[in-house]
Amino acid sequence: MASGVSNGGGKSLAQWLRENGFDEEAVARMSRRCKNLQSLDAGEASGVWDYLLNSVKIERRKLRHVVAKCPKVLTLSVDGKLVPTVQCLATLQAKPGEVAQAIAKFPQILFHSVEEKLCPLLSFFQTLGVSEKQLAKLLMVNPRLISYSIEAKFSQMVDFLVGLGIDKEGMIGKILAKEPYIMGYSVDKRLRPTAEFLKSAVGLQGSDLRRVIISFPDILSRDVDKILRPNLAFLQSCGFSKHQVMALVAGYPPVLIKSIKHCLEPRMKFLIEEMGRDMGEVVDYPQFFRHGLKRSLEYRHKVLKQMNSSCSLSEMLDCNQKKFAMKFGLIAAV
């Protein structure tokens, strides 16, 4: 048995748990979550702990969190369940440490029949243009995918995206690979209402809507009332017309999810009050909102002001610091 891991010999499970960093409150909470813990032998629990810590290489701190969140893990058979499941996940060509990270994110993956679910999942995603390697990445990033039903979850997601006109071969696969967490959201409760908001309130239609979703699928998973609507109201309060707002969102979709207080408001204030520019310039260059206020906007504006030089926002910002310095003859100053 590895150093620092109790073998549980002659000890009660509660005593063994306390020796491995769980206080009385945590032990009581775990016992309520998993009734089978009461009949579990400390030696069996120690075997599971040892395997996950030393063979799977889950960090001790994370393993403690896994067990606290899902104490049922300790009841699994090492040879009968854990080893086959981990070996199956390892066949996905995961990078070193990714299997441990996946289990730490979603320990319930250990209770699913991974072997039985992988083949149907792989077949389904391959029809969408997602390779085995990409599926491995998806599962490592969002291991909860293994628990979803192909018919009830994934097929409904595909039908929804096709309904938006995203039916070009391989495109849906690219969206899911780009934003794997989107598959965890309800189509009817979250994704469809968001798409309808983008169409009716923002004005995005057809190819513009498809481009926004393809380039930034994360926007579909954001809450309309908590995030998107307040951001839209802020842009409108700045004086942007509906057509201009549509152009902003089409050009830089994250503008609808950025923090008003920490991103949008201070940048608009700096643009108008300090830079003396018209807000219409932002419509021509919506990526303005992705640039750091101090590192990019304030610094570059200061440089141009000292040089008494004028240029468009895109000329000022659409380049890294080195290219900016070269463009305005400031190599020595960088």
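Since we're looking at a predicted model, the values are computed, not measured. One is the number of the first residue; the rest follow in order along the sequence.
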Leu138/Val130 under side-chain contact (heavy atoms from CB on, under 4.5 Å): CA gap, chis, key distance, verdict: CA-CA 10 Å; Leu138 284 175; Val130 177; 4.2 Å; yes
N/O donor-acceptor pair under 3.5 Å between Ser46 side chain and Gly43 backbone: no
Minimal heavy-atom distance between Leu17 and Met30, with the atoms involved, is CD2-CE, 3.8 Å
Mark yes or no for whether Lys178, through its side chain, and Ser215, through its backbone, hold a donor-acceptor pair below 3.5 Å. yes
Just list the side-chain donor-acceptor pairs under 3.5 Å for residues 254-263, sequence neighbours left out, or say none.
unit_1: Ser259; atom_1: OG; unit_2: Lys261; atom_2: N; d: 3.4
unit_1: Ser259; atom_1: OG; unit_2: His262; atom_2: N; d: 3.0

Side chain to side chain, Leu271 and Arg267, heavy atoms closer than 4.5 Å: no
Student check: side-chain heavy atoms of Asp218 and Ile182 closer than 4.5 Å: no
Within 6.0 Å of NZ in Lys117, more than 12 heavy atoms from elsewhere: yes
For Asp225, give me all partners under side-chain contact (heavy atoms from CB on, under 4.5 Å), at least two apart in sequence or on another chain. Asp223, Arg229
Going only through I, L, V, M, F, W and Y residues with side-chain contacts under 4.5 Å, is there a path from Ile58 to Val141? no
Measure the shortest side-chain to side-chain distance between Leu191 and Met157 over non-hydrogen atoms and say whether it is less than 4.5 angstrom. yes
List, one per line, each side-chain donor-acceptor pair under 3.5 Å for residues 196-203, sequence neighbours excluded.
unit_1: Glu196; atom_1: OE2; unit_2: Lys199; atom_2: NZ; d: 3.1
unit_1: Ser200; atom_1: OG; unit_2: Glu196; atom_2: O; d: 2.8

Between Arg277 and Glu281, the two heavy atoms sitting closest are NH1-OE1, 2.8 Å
Mark yes or no for whether Asn142, through its side chain, and Pro180, through its backbone, hold a donor-acceptor pair below 3.5 Å. yes
For Glu265, salt bridge (Lys or Arg N to Asp or Glu O under 4.0 Å) partners two or more places apart: none
So Ser149 and Phe154, do their side chains get closer than 4.5 Å, heavy atoms only? no
Shortest non-hydrogen contact from Ala104 to Val66? CA-CG2, 3.6 Å
Distance check, rounded to the nearest 0.5 Å: Glu19 atom CD versus Gln15 atom CD? 5.0 Å
To the nearest 0.5 angstrom, please state how far the CE atom of Met246 sits from the NE2 atom of His243. 5.5 Å
Identify every side-chain donor-acceptor pair in residues 282-291 under 3.5 Å, counting partners at least two apart or on other chains, and give the distances.
unit_1: Tyr285; atom_1: OH; unit_2: His291; atom_2: NE2; d: 3.0
unit_1: Gln287; atom_1: NE2; unit_2: Gly251; atom_2: O; d: 3.2

Ile103 and Val56 have their tightest heavy-atom pair at CD1-CG1, 4.0 Å
List the atom pairs, donor and acceptor, that lie under 3.5 Å between side-chain atoms in residues 301-319 and the rest of the protein, sequence neighbours left out.
unit_1: His301; atom_1: NE2; unit_2: Glu274; atom_2: O; d: 3.2
unit_1: Ser312; atom_1: OG; unit_2: Ser314; atom_2: OG; d: 3.1
unit_1: Ser312; atom_1: OG; unit_2: Glu315; atom_2: N; d: 3.2
unit_1: Ser312; atom_1: OG; unit_2: Glu315; atom_2: OE1; d: 3.3
unit_1: Glu315; atom_1: OE1; unit_2: Ser312; atom_2: N; d: 2.9

Can you label the angle between the Phe22 ring and the Trp49 ring as parallel, tilted or perpendicular, going by 30° and 60°? perpendicular
Less than 3.5 Å apart, any donor N or O on the side chain of Arg295 or Gln321 sitting next to an acceptor on the other? no
Roughly how far, to the nearest 0.5 Å, is OG of Ser12 from CD of Gln38? 12.5 Å
Are any side-chain N or O atoms of Arg18 and backbone N or O atoms of Glu24, one a donor and one an acceptor, separated by less than 3.5 Å? no
Check the pair Phe216 / Ile219 against side-chain contact (heavy atoms from CB on, under 4.5 Å), numbers first and verdict last. CA-CA 6 Å; Phe216 192 62; Ile219 198 169; 3.7 Å; yes
Lys72 NZ: over 12 foreign heavy atoms closer than 6.0 Å: no
Atom pair CG (Leu135) and CG (Leu145), whose distance is rounded to the nearest 0.5 Å: 8.0 Å
If you round to the nearest 0.5 Å, how far is CD of Gln156 from CZ of Arg192? 7.0 Å
Between Lys153 and Met183, is a side-chain contact (heavy atoms from CB on, under 4.5 Å) present by the stated rule, with each step listed? CA-CA 7 Å; Lys153 197 76 171 175; Met183 288 175 277; 5.6 Å; no
Stepwise side-chain contact (heavy atoms from CB on, under 4.5 Å) check, His112 with Ser147: CA-CA 7 Å; His112 289 275; Ser147 68; 3.3 Å; yes
Side chains of Phe270 and Pro266: closer than 4.5 Å at any heavy-atom pair? no
Main-chain N/O of Ser113 paired to Glu116 side chain as donor or acceptor, under 3.5 Å: no
Answer with yes or no whether the hydrophobic clustering places Leu220 together with Tyr181; edges join I, L, V, M, F, W, Y residues whose side-chain heavy atoms lie under 4.5 Å apart. no
Minimum heavy-atom distance between Arg60 and Leu53, given as atom pair plus value: NH2-CD2, 3.4 Å
Main-chain N/O of Ser221 paired with Arg190 side-chain donor or acceptor, under 3.5 Å: yes
Does Lys105, at its NZ atom, have more than 12 non-hydrogen atoms belonging to other residues, nucleotides or ligands within less than 6.0 Å? yes
Between Ser296 (side chain only) and Leu293 (backbone N and O only), is there a donor and an acceptor less than 3.5 Å apart? no
Which distance, rounded to the nearest 0.5 Å, do you find between the CG of Leu110 and the CD of Gln108? 9.0 Å
Quick one, Leu92 and Leu118 - any side-chain contact, counting heavy atoms below 4.5 Å? yes
Check: Ser131 main-chain N/O paired with Gln134 side-chain donor or acceptor under 3.5 Å: yes
Kindly indicate whether the side chain of Cys34, heavy atoms from C-beta on, has any atom under 4.5 Å from the side chain of Leu37. yes
Compare every heavy atom of Pro217 with every heavy atom of Ile175, then report the nearest pair and how far apart it is. CG2-CB, 3.6 Å
Tell me whether the guanidinium CZ or amine NZ of Lys294 lies under 6.0 angstrom from the six-membered ring centre of Tyr299 and within 45° of its axis. no
Heavy atoms, side chains only, cut-off 4.5 Å: are Ile109 and Leu89 in contact? yes
Is it true that a side-chain atom of Arg33 and a backbone atom of Cys70 form a donor plus acceptor pair closer than 3.5 Å? no
Is a side-chain donor or acceptor of Ser55 paired with a backbone partner of Leu52 at a separation under 3.5 angstrom? no
